[in-house]
Amino acid sequence: MDLIKAAKDVRENAYAPYSGFKVGAALRSDSGQVHAGCNVENIAYPEGTCAEAGAISAMIAAGETNFVEIAVIADGPEPVAPCGGCRQKLLEFAAPTAKITMATLDGKSLTTEVAELLPGAFDRSQMGNA
Ligand code: THU
């Protein structure tokens with residue numbers, strides 16, 4: 001399944017009445033399954049969750065813990081950049097070289113590796129024994 005298409009489809013279900021900015025994310029896990037998520041906002045603004053977090057939760061709920069590729073899409077002028085918190089979340093569940101494609105509804109896209117999004121990330125090695 002095309003990940004950008006899956007992200008675009010799930011984006012339609014985003015609940016974003018406060019920002020008006022709908023985001024969709026779809027990832028392919030190790031097994032080849034696609035898991036998708038969208039942003040879910042809340043009147044208590046900080047309680048909102050990002051599309052990437054939703055896709056990760058769907059993967060975990062399905063019993064998997066690693067993805068090889070993810071696509072994120074929104075209707076912005078430039079390919080949507082995952083927020084800082086999502087960058088850390090993505091690194092938890094993928095190899096540093098996992099592919100991420102950021103896209104716009106009008107067809108622009110940018111592809112890189114998840115580790116490129118978070119130089120100097122806090123990781124297991126810093127805890128010494130983890
Ligand atoms: N948002 C995401 O879901 N993912 C991103 O990569 C960037 C931002 C959401 C959070 C909030 O619901 C809205 O976009 C505006 O920040």
Side-chain angles (χ1 to χ4, degrees):
M1 189 198 288
D2 181 75
L3 283 186
I4 291 185
K5 164 90 169 76
K8 197 173 175 177
D9 286 351
V10 73
R11 178 188 166 275
E12 294 297 321
N13 296 334
Y15 178 76
Y18 307 109
S19 71
F21 191 68
K22 292 183 164 197
V23 186
L27 58 81
R28 194 182 322 279
S29 59
D30 282 349
S31 70
Q33 244 188 289
V34 171
H35 303 284
C38 54
N39 53 334
V40 182
E41 298 185 346
N42 192 282
I43 184 61
Y45 292 179
E47 299 305 324
T49 52
C50 288
E52 295 88 331
I56 288 170
S57 289
M59 174 181 75
I60 298 293
E64 299 191 79
T65 54
N66 192 72
F67 68 89
V68 291
E69 194 179 347
I70 184 167
V72 189
I73 193 163
D75 189 18
E78 296 300 329
V80 60
C83 76
C86 282
R87 292 173 192 225
Q88 186 77 42
K89 290 185 178 103
L90 293 172
L91 278 176
E92 182 77 18
F93 299 109
T97 53
K99 203 167 107 176
I100 175 162
T101 297
M102 298 156 272
T104 66
L105 279 191
D106 64 6
K108 285 186 200 160
S109 75
L110 184 66
T111 298
T112 185
E113 294 178 352
V114 292
E116 292 296 315
L117 295 179
L118 198 56
F122 178 68
D123 64 18
R124 281 158 208 260
S125 68
Q126 294 175 27
M127 293 181 67
N129 59 355

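Computed from a prediction, not measured in an experiment: that's the story for all the values here. The figures here come from the full heavy-atom set of this structure, side chains too, leaving out hydrogens, waters and symmetry mates. Counting convention: from 1, in listed order, for ligands and their atoms alike.
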**Asked** Going by heavy atoms, is Ala16 under 4.0 Å from ligand 1?
**Response** no

**Prompt:** Of the protein's non-hydrogen atoms, which lies at the shortest distance from atom 16 (O) of ligand 1, and what is that distance?
**Reply:** Phe21 CD2, 4.8 Å

**Message:** How long is the straight-line distance from OG1 of Thr101 back to CD of Glu69, given to the nearest 0.5 Å?
**Reply:** 6.0 Å

**Message:** Taking the basic N atoms (NZ, or NE/NH1/NH2) and the acidic carboxylate oxygens, is any pair closer than 4.0 Å for Glu92 and Arg124?
**Reply:** yes

**Request:** For atom 1 (N) of ligand 1, find the nearest protein heavy atom and state the residue, atom name and distance (0.1 Å precision).
**Result:** Val23 CG2, 3.7 Å

**Asked** Which residue pairs pass the salt bridge (charged side-chain N to carboxylate O under 4.0 Å, His left out) test with at least one member in residues 72-85, sequence neighbours excluded?
**Response** Glu78-Lys108

**Request:** Specify the protein heavy atom at minimum distance from atom 12 (O) of ligand 1: its residue, its atom name, and the distance to 0.1 Å.
**Result:** Glu41 OE2, 2.5 Å

**Prompt:** In Å, rounded to the nearest 0.5 Å, how long is the span from CZ of Arg28 to CG of Leu3?
**Reply:** 4.0 Å

**Request:** Each residue besides Ile73 in its hydrophobic cluster should be listed here, by chain and number; the cluster joins Ile, Leu, Val, Met, Phe, Trp and Tyr at side-chain heavy-atom distances under 4.5 Å.
**Result:** Ile4, Leu105

**Fill in**
Among non-hydrogen protein atoms, atom 3 (O) of ligand 1 lies closest to Ala51 N, 2.9 Å

**Nearest neighbour in protein (non-hydrogen) for atom 9 (C) of ligand 1** = Asn39 ND2, 3.5 Å

**Numbered atoms and elements of ligand 1 in range of Pro82, under 4.0 angstrom, heavy atoms** = 6 (O)

**Asked** Taking heavy atoms and a distance under 4.0 Å, where does Ala81 meet ligand 1: side chain, backbone, both or neither?
**Response** backbone

**Message:** Hydrophobic clustering (ILVMFWY, side-chain heavy atoms < 4.5 Å, transitive) - are Val114 and Ile56 grouped together?
**Reply:** yes

**Fill in**
Counting from 1 in the order shown, the ligand 1 atoms closer than 4.0 Å to a non-hydrogen atom of Ser19 are 13 (C), 15 (C)

**Phe21 versus Ala74, closest heavy-atom pair with distance** = CZ-CB, 3.4 Å

**Message:** Taking 4.0 Å as the limit for heavy-atom contacts, which would you say applies to Cys50 with ligand 1: side chain only, backbone only, both, or neither?
**Reply:** both

**Request:** Distance to 0.1 Å, residue and atom name: give those for the protein heavy atom nearest to atom 5 (C) of ligand 1.
**Result:** Glu52 OE2, 3.4 Å

**Item:** Test item: Glu52 and Ile100 side chains (from C-beta on) under 4.5 Å apart, heavy atoms
**Value:** no

